Number of protein chains: 2
Amino acid sequence: MVRGMSLRHALLGLLSERPASGYDLLKRFETSLANVWPATQSQMYGELTKLAAAGLISVSAEGPRGRKEYTLTDEGLAELRHWLTETAPQRNPRSDTLLRVFFLGVLPREQAGAYLTGLMETSAKEYEDLRALERSVDWGDDRLSVYGRIALEYGLRLNEMKREWAAWAAERLG
Amino acid sequence: MVRGMSLRHALLGLLSERPASGYDLLKRFETSLANVWPATQSQMYGELTKLAAAGLISVSAEGPRGRKEYTLTDEGLAELRHWLTETAPQRNPRSDTLLRVFFLGVLPREQAGAYLTGLMETSAKEYEDLRALERSVDWGDDRLSVYGRIALEYGLRLNEMKREWAAWAAERLG
DNA sequence: CAGACCATGTAAGGTGTTACATGATTAT
DNA sequence: ATAATCATGTAACACCTTACATGGTCTG
């Protein structure tokens, strides 16, 4: 467990709410965690096998079509808590969007401006998508509601910031 | 060239300003691009070899200690322009910081609050670091100055947003 | 001449993506 | 029946990190 490996912790986190199969978890990734930690089917099944081998989760039931339901073990919960409290979040995730900005100077100013206005538009659109998501969710006072709402607020503020920044930058280019 | 591969483009981008050796590029990554696209020494030398084999850069001079100076070729510049204009930036980079937020509910509320106030502090500190960087740079009107300043502004606004968001979230928990 | 810095490379292993592959069960 | 969905897995390949390895050149 050297670095990163957050897929592991994402799986442990989802299983901390309730037991689930790989297929269930895949669906929940697609809906709730897609914006924060996308994962593919391939990767998930492999990771679940490793987590079970390491004793952090266990097969608690088997169903039709070879379905295996996994449950978080005490060791798994301990590892999840450890990750949350004792390990530092990554400082700066890589950003190819921002990397491009560094090199916009190789383009004619007009095309550089088009890149920035394109960013404005995608930010505005994503903001609206998140607003729609916010309206569609039935927010209760369960764990996922409380913290999911906080994560969603981050997305809203981020996209608002991005749109304003891109507008500022486009104007700055003249 | 299937997906991502932005290290390639970062190298092409830096070489579009002036020729440089692997060692030079490593230093420039450490200073200017560290916050946006960190890269290790190992990875860079390997990537430079591949780029040269693909004809996107070429060895333009050799110096002491086996130093090889690379220069961007016409093909390399075309590829850089193509990446800037024809390929879409990644929509959502993974965020382990935000992933943790989803699962803060497994901690006692006090510890969840501590995580959020910790984020406030790191954002505030990074904001100050960037302000210091801003003051230390001699901003001219060359390409890197214009677009580097825009990228830095993004960092400033991002950290301001993060700090406010974390404060809002911590208060929301009560 | 010793230490700092310049300069490049290989190897092993983890993580992530895409494509391929297989088959059971349920609903129409 | 047949199509959609449920359900899991393997293989190949790209990317990234860490550690290991080697040696030349310059400065005090």
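Every chain is numbered from 1 and lettered A, B, ... according to where its sequence line falls, protein lines coming before strand lines. Bear in mind the structure is a predicted one, so any value in this text is a computation, not a measurement.
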Can you check the [X] [atom1] to [N] [atom2] distance for me, whole Å?
X: B:His9; N: D:dA14; atom1: NE2; atom2: P; answer: 15 Å
X: A:Arg28; N: D:dA7; atom1: CZ; atom2: C1'; answer: 17 Å
X: B:Met44; N: D:dC16; atom1: CE; atom2: P; answer: 13 Å
X: A:Lys50; N: C:dG16; atom1: NZ; atom2: C1'; answer: 10 Å
X: B:Leu11; N: D:dC16; atom1: CG; atom2: C1'; answer: 14 Å
X: A:Glu47; N: C:dT17; atom1: CD; atom2: P; answer: 12 Å

Any side-chain heavy-atom pair of B:Tyr154 and A:Val101 under 4.5 Å: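 No, every pair of side-chain atoms sits at 4.5 Å or beyond.
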
For the student: nearest non-hydrogen atoms of B:Gly155 and B:Leu130, plus distance: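 Shortest heavy-atom contact: C-CD1, 3.5 Å.
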
Between A:Glu134 and A:Arg131, does any side-chain N to carboxylate O distance fall below 4.0 Å?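 Counted as a salt bridge, because a side-chain N and a carboxylate O are separated by less than 4.0 Å.
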
Charged N-O contact under 4.0 Å between B:Lys125 and B:Glu121: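 Here B:Lys125 does not pair with B:Glu121 in a salt bridge, since their nearest N and O are not under 4.0 Å apart.
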
Of the listed nucleotides D:dT18, C:dG16, D:dC16, the one nearest the side chain of B:Gln43: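 Ranking D:dT18, C:dG16, D:dC16 by closest atom to the B:Gln43 side chain puts D:dC16 first.
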
B/S/- contact track for nucleotides 6-11 of chain C, protein heavy atom under 4.0 Å: BBBBBB

Cation-pi, A:Trp168 ring and B:Arg157 (6.0 angstrom, 45 degrees):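 Satisfied, under 6.0 Å and within 45°.
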
Which pairs pass side chain to side chain donor-acceptor pair (under 3.5 Å) with one or both residues in residues 14-28 of chain B, sequence neighbours excluded?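 Passing the test, one end in residues 14-28 of chain B: B:Ser16-B:Arg143, B:Glu17-B:Arg28, B:Ser21-B:Asp24, B:Ser21-B:Arg67, B:Asp24-B:Arg67.
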
